[in-house]
There are 2 protein chains.
Amino acid sequence: MTARSSTDPARVIPEATVARLPVYLRALTALADTGIRTCSSEDLATAAGVNSAKLRKDLSYLGSYGTRGVGYDVDYLRYQIAREIGVTQDWPVVIVGIGNLGHALANYSGFRSRGFRVVALLDADPSLSGEIVAGVAVRPFDELEAIVHDHDVAIGVIATPASAAQDVADRMVAIGITSILNFAPSVLSVPEGVDVRKVDLSIELQILAYHEQRKANGAEAAAPVAPVADGGAA
Amino acid sequence: MTARSSTDPARVIPEATVARLPVYLRALTALADTGIRTCSSEDLATAAGVNSAKLRKDLSYLGSYGTRGVGYDVDYLRYQIAREIGVTQDWPVVIVGIGNLGHALANYSGFRSRGFRVVALLDADPSLSGEIVAGVAVRPFDELEAIVHDHDVAIGVIATPASAAQDVADRMVAIGITSILNFAPSVLSVPEGVDVRKVDLSIELQILAYHEQRKANGAEAAAPVAPVADGGAA
DNA sequence: ACCGATTTGTTCTCACGTTCACAAACTCTT
DNA sequence: AAGAGTTTGTGAACGTGAGAACAAATCGGT
Ligand SMILES: NC(=O)c1ccc[n+]([C@@H]2O[C@H](COP(=O)([O-])OP(=O)(O)OC[C@H]3O[C@@H](n4cnc5c(N)ncnc54)[C@H](O)[C@@H]3O)[C@@H](O)[C@H]2O)c1
Ligand SMILES: NC(=O)c1ccc[n+]([C@@H]2O[C@H](COP(=O)([O-])OP(=O)(O)OC[C@H]3O[C@@H](n4cnc5c(N)ncnc54)[C@H](O)[C@@H]3O)[C@@H](O)[C@H]2O)c1
């Protein structure tokens with residue numbers, strides 16, 4: 001057993017594993033909610049929609065938290081994963097751009113219950129200032145710096161149009177935000193040490209469309225031909 | 001040059017490449033909008049935020065659409081990628097679950113400009129029926145079958161609570177939908193031949209939190225300890 | 001206290017994805 | 001028309017990830 005201690009800072013968890021840990025956490029929570037106290041890697045893998053060997057390997061990066069012949073204690077493993085991810089306490093988050101999507105995000109209760117707390121909603125449009133969304137007031141974008149410093153915010157969410165996204169990101173980085181979740185369809189450029197993840201609905205749909213077309217072309221030859229569709233920075 | 005014809009059905013494009021083609025398409029559209037007619041792999045790679053060798057290899061799976069010593073014709077390449085993805089014509093899409101998120105999605109104009117047309121909004125809540133969102137009326141969930149058949153819909157979007165997601169997916173599959181974009185935080189089980197992609201805000205934030213914690217622990221030892229946060233099927 | 005059943009943790013192998021590096025192919029200038 | 005300069009397309013090396021398989025460890029029954 002190489003099993004590094006979970007407090008060993010040299011231990012490195014593969015990125016693919018990191019991306020699955022939240023899925024396991026959610027699956028464990030679902031199991032716990034149905035009263036299940038113990039589960040095998042097979043059970044958990046099924047609930048999480050992955051292969052059980054992959055699950056066991058993923059968990060082995062965290063340490064040795066199971067019992068051979070028995071399985072995993074649901075609550076214990078849940079706590080270990082939550083600690084590993086860093087959601088045993090809440091992370092303060094700011095959302096910038098309170099339009100269609102920003103409103104939905106602000107109203108999303110799953111935020112709070114999964115380790116995040118929306119401390120501020122910011123928008124450049126003065127006519128939105130003062131509006132209360134889900135108990136939080138919309139404030140002018142200028143106040144970003146004060147808010148970030150007051151609440152020690154490390155994570156920012158961008159829900160502005162693509163044209164404003166880079167500017168907003170630059171401001172966030174200048175102020176000290178080091179993790180950004182970007183919903184705008186634009187490539188952000190940020191300095192070393194700042195993490196950016198993007199959520200892009202159109203890309204997801206286009207990936208589905210590609211496979212859909214392939215399924216269709218299994219029978220028929222090729223798709224009809226027409227003008228190129230891509231609305232740019234819409 | 002192995003360069004299979006783009007109509008060769010045996011040609012297979014790696015999944016990782018498929019996921020990047022929409023990014024290239026978007027970058028090309030942005031370049032075209034600024035009046036650029038030709039670009040090198042270096043230019044396009046920068047605009048798309050990837051390595052130029054990776055870009056060239058990705059494009060080589062589609063065929064040989066560049067000119068050595070010159071680069072790529074922006075409009076021509078854009079068309080070829082759009083054709084490959086299958087967005088030279090619009091795909092009809094239905095959205096199920098017109099709550100916070102469903103409203104935002106329905107109002108999202110980027111849908112239409114990137115190859116998708118929302119043909120129906122469906123919700124189980126009768127009090128929503130008849131409401132017009134972005135020019136489309138919300139209809140009862142029962143009408144799914146008729147709509148899917150009338151418009152030959154292959155792609156469905158799920159924006160219901162997690163507790164309803166599997167049921168909705170089952171209904172979609174039964175009716176003939178073969179691609180699903182799922183915004184609910186739940187693992188969907190679907191038969192062979194049906195593609196599911198998920199968009200999960202909480203997972204993205206938790207991945208950011210993991211890295212954020214690691215950055216912080218570079219200086220300090222370990223994070224404080226508190227109750228586990230994960231609100232289940234919220 | 002032992003034995004068979006069970007399930008984890010890990011090793012090994014293969015597949016996939018990324019990046020480097022360069023020959024081939026093209027343009028432009030003289 | 002030839003040579004210098006560019007840039008593509010791709011072979012090869014490398015790294016990461018997935019999954020099969022199994023030894024080690026634990027449990028329950030006798
Ligand atoms: N609505 C969706 O479902 C959806 C889906 C996928 C992606 N997106 C993307 O998310 C982003 C937001 O979409 P939306 O539909 O909410 O747009 P929206 O136009 O409704 O809202 C954008 C908001 O950002 C604010 N804003 C603009 N510039 C700003 C700046 N510099 N600083 C601060 N705030 C600024 C605007 O005042 C507005 O309130 C867009 O980039 C869009 O492409 C939206
Ligand atoms: N709001 C967000 O920003 C956000 C972000 C990430 C994920 N999500 C997820 O997206 C989903 C929707 O979120 P929301 O905030 O819009 O929730 P919501 O409660 O506002 O809306 C859900 C809608 O689904 C409808 N619905 C319920 N059961 C249905 C059924 N069986 N068939 C058809 N319609 C049904 C409800 O009537 C309601 O209108 C949730 O699973 C949520 O976890 C939301």
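Just so it is clear: chains get the letters A, B, ... in the order the sequence lines come, proteins before strands, and each one is counted from 1. Atoms considered below: every heavy atom in the structure, side chains included; atoms not considered: hydrogens, waters and symmetry mates.
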Sort and list the pairs that fulfil salt bridge (Lys or Arg N to Asp or Glu O under 4.0 Å) and have at least one residue in [range], not counting sequence neighbours.
{"range": "residues 38-59 of chain A", "value": "A:Arg20-A:Asp58"}
{"range": "residues 175-186 of chain A", "value": "none"}
{"range": "residues 181-207 of chain A", "value": "A:Asp195-B:Lys215, A:Arg197-B:Glu204, A:Asp200-B:Arg26, A:Glu204-B:Arg197"}

note = 5' to 3', nucleotides 20-30 of chain D under a 4.0 Å protein heavy-atom cut-off (B base, S sugar-phosphate only, - none) gives BB--BBBS---
task = Could you tell me whether the side chain of A:Ile158 reaches within less than 4.5 Å of the side chain of A:Leu188, counting heavy atoms only?
result =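 Yes; the side chains approach each other to less than 4.5 Å.
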inquiry  = Just to verify, which of A:Ile180, A:Val93, A:Val94, A:Leu181 counts as forming a side chain to side chain contact (heavy atoms under 4.5 Å, CB included) with A:Ile155?
reply    =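 Among A:Ile180, A:Val93, A:Val94, A:Leu181, the one meeting side chain to side chain contact (heavy atoms under 4.5 Å, CB included) with A:Ile155 is A:Val93.
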Over how many whole Å does the gap from [X] atom [atom1] to [N] atom [atom2] extend?
{"X": "A:Lys54", "N": "D:dA18", "atom1": "NZ", "atom2": "P", "result": "5 Å"}
{"X": "B:Asp58", "N": "D:dT8", "atom1": "CG", "atom2": "C1'", "result": "14 Å"}
{"X": "A:Leu77", "N": "C:dG9", "atom1": "CG", "atom2": "C1'", "result": "14 Å"}
{"X": "B:Tyr72", "N": "C:dC26", "atom1": "OH", "atom2": "P", "result": "14 Å"}
{"X": "B:Leu55", "N": "D:dT8", "atom1": "CG", "atom2": "C1'", "result": "11 Å"}
{"X": "A:Tyr61", "N": "D:dA18", "atom1": "OH", "atom2": "C1'", "result": "10 Å"}

ask   = Closest approach of B:Ala184 and B:Ala162, non-hydrogen atoms and distance?
value =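 Taking B:Ala184 first and B:Ala162 second, the nearest heavy atoms are CB-CA, 3.8 Å.
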message = Using a strict threshold of under 4.0 Å (side-chain N to carboxylate O), is an ion pair present between B:Asp90 and B:Arg112?
response =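 Looking at B:Arg112 and B:Asp90, the cut-off is met.
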task = Specify the angle, to 10°, made by the local axes at the two ends of the helix from C:dA1-D:dT30 to C:dT30-D:dA1 when five pairs are taken at each end.
result =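 Nearest ten degrees gives 10° for this helix.
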message = Less than 4.0 angstrom between a side-chain N/O of A:Ser41 and OP1 or OP2 of C:dT8, yes or no?
response =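 A:Ser41 to C:dT8 OP1/OP2: side-chain N or O found under 4.0 Å.
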ask   = Hey, which of these two, B:Gly66 or A:Thr17, hits DNA chain D nearer its 5' end, going by closest nucleotide?
value =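 Result: B:Gly66.
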query = Listed by chain and number, what are the side chain to side chain donor-acceptor pair (under 3.5 Å) partners of A:Asp170, not counting sequence neighbours?
reply =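 Partners of A:Asp170 by the side chain to side chain donor-acceptor pair (under 3.5 Å) criterion, ordered by chain and then number, come out as A:Gln166.
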